[in-house]
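Sequential numbering from 1 along the given sequence is applied to the chain's residues. First listed ligand is number 1; within each ligand, the first listed atom is number 1.
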Amino acid sequence: MPDSFQNPLDDPATDPFAVAKQAAEQLAEKTGVDRHDIALTLGSGWGRAADLIGETTATVPATEIVGFGAPALAGHVGTLRSVLLPSGKRALVIGARTHYYEGHGVRRVVHSVRTAAAAGATTMVLTNGAGGIKETWKPGTPVLISDHINLTADSPLEGATFIDLTDLYSSRLRELAKSIEPSLDEGVYTQFRGPHYETPAEVQMAKTIGGHIVGMSTALEAIAARQAGMEILGMSLITNLAAGIQKTPLSHQEVIDAGREAEPVISALLAKIVGAL
Ligand code: 8IG
């Protein structure tokens, strides 16, 4: 890698899968766990699930693993945790999401997913905080992602790589989640580039084309997870109604507060679901 690239993923000549393999090796070395079975990306509002799913056996700052950068937001903890589940399975908890809006390119966005796959994970749990288009969803409502619309105009796939995205958010895992919490609703996640929230007109567009949830993550990660052959469970915490659906302007602080308030409940729910995976 030339010295001019701080992160090898930023060098177009680098194979991102080779970097993910190297990252998985470093992770195995630093955690003492050779293989992980399940990986979870915990978005805003979901962080506490890491403490509830099992016993954390190792915590590694993401910056010590190749391909990961420093966290963009102070509230986004940049760690990778290895957790021993009661079932004996090993979970990799990714608290270090790189968002597309950070502008480092899609390779960096999906690096954690590819690292999890290279570490052996066959199930990818993707969670996020998001805006809701359905008026019946109050802030604090957890929702299963049933499908997505990718409005980033980008893809983690490079070159002529054609990957089927049917049943991307596993109907089997959605049914399993609903067997644990029958009141869980489902919706189509629409990934916008951000970091601005949508205009009310854009929210109406998302609604018209079949979206129910608006957010700034997850869809690109899900595509990479499918490419890696993982089974995907996606969940959104509705922290706010999308612009124009709620009558008052969106405030980042309100979003944070709603996430904080819902966190114990939804984290406990996620822990139950993970226990059944
Ligand atoms: I939290 O209303 C959260 N993230 N795009 N729109 C988009 N992302 C979000 C929103 C929202 N709320």
Side-chain angles (χ1 to χ4, degrees), residues 40-50 71-77 94-104 106 109-110 112 125-154 169 184-223 234-267 269-270:
L40 300 95
T41 299
L42 299 180
S44 41
W46 298 92
R48 210 169 312 167
L73 275 178
H76 289 210
V77 192
I94 300 159
R97 176 177 259 148
T98 299
H99 285 90
Y100 190 68
Y101 57 67
E102 290 171 51
H104 299 304
V106 71
V109 171
V110 302
S112 60
V125 180
L126 297 170
T127 65
N128 58 59
I133 297 180
K134 273 200 195 179
E135 285 96 341
T136 52
W137 291 341
K138 302 279 163 280
T141 306
V143 177
L144 290 165
I145 299 174
S146 59
D147 202 346
H148 81 221
I149 298 170
N150 171 14
L151 294 184
T152 66
D154 209 338
Y169 299 88
L184 274 173
D185 203 354
E186 298 190 345
V188 173
Y189 183 91
T190 310
Q191 180 173 0
F192 282 84
R193 183 194 174 284
H196 49 269
Y197 294 121
E198 296 69 36
T199 62
E202 287 164 345
V203 170
Q204 286 307 311
M205 174 192 76
K207 183 177 179 178
T208 301
I209 64 178
H212 308 108
I213 306 163
V214 284
M216 306 177 192
S217 67
T218 303
L220 294 169
E221 296 159 35
I223 296 167
M235 291 186 81
S236 290
L237 168 66
I238 304 301
T239 57
N240 58 280
L241 289 181
I245 305 287
Q246 77 173 38
K247 297 303 161 218
T248 51
L250 270 57
S251 105
H252 183 58
Q253 193 53 48
E254 264 180 74
V255 163
I256 304 256
D257 292 346
R260 201 159 282 158
E261 203 174 301
E263 190 154 26
V265 179
I266 61 160
S267 296
L269 168 61
L270 183 59

- Message: Against ligand 1, does Gly215 come closer than 4.0 Å with any heavy atom?
- Response: yes
Below the 3.5 angstrom mark, is there an N/O of Ser44, backbone or side chain, next to an N/O of ligand 1?
no
Is a donor on one side and an acceptor on the other found under 3.5 Å between the side chain of Thr208 and the backbone of Gln204? yes
Any heavy atom of Asn128 under 4.0 Å from ligand 1? The part involved is neither
When Thr41, Thr127, Asn128 are each screened for side-chain hydrogen bond (donor to acceptor under 3.5 Å, both in side chains) with Thr218, the one that passes is Asn128
task = State plainly whether the residues Asp154 and Arg193 are in salt-bridge range, i.e. N to O under 4.0 Å.
result = no
| Is there a donor-acceptor pair closer than 3.5 Å between any side-chain N or O of Gln191 and the backbone N or O of Leu220? | yes
Quick one: does Leu151's side chain get under 4.5 Å of Thr190's, heavy atoms only?
yes
Heavy atom of Ala130, distance to ligand 1 below 4.0 Å: yes
Examine Asn240 against ligand 1 and note whether any of their N/O atoms are separated by less than 3.5 Å. yes
the protein heavy atom lying closest to atom 11 (C) of ligand 1 turns out to be Tyr197 CD2, 3.5 Å
Of all protein heavy atoms, the one nearest atom 6 (N) of ligand 1 is Glu198 OE1, 2.8 Å
| request: State whether the side chain of Glu261 and the backbone N or O of Ala258 hold a donor-acceptor pair below 3.5 Å, judged by distance alone. | output: no
Logged contact type for Thr239 with ligand 1, heavy-atom cut-off 4.0 Å, is side chain
Ranked by distance from atom 4 (N) of ligand 1, the top protein heavy atom is Gly129 O, 3.6 Å
Would you say Glu135's side chain and Ile245's backbone share a donor-acceptor pair under 3.5 angstrom?
no
Per-atom filter on ligand 1: closer than 4.0 angstrom to a heavy atom of Leu250 are 2 (O)
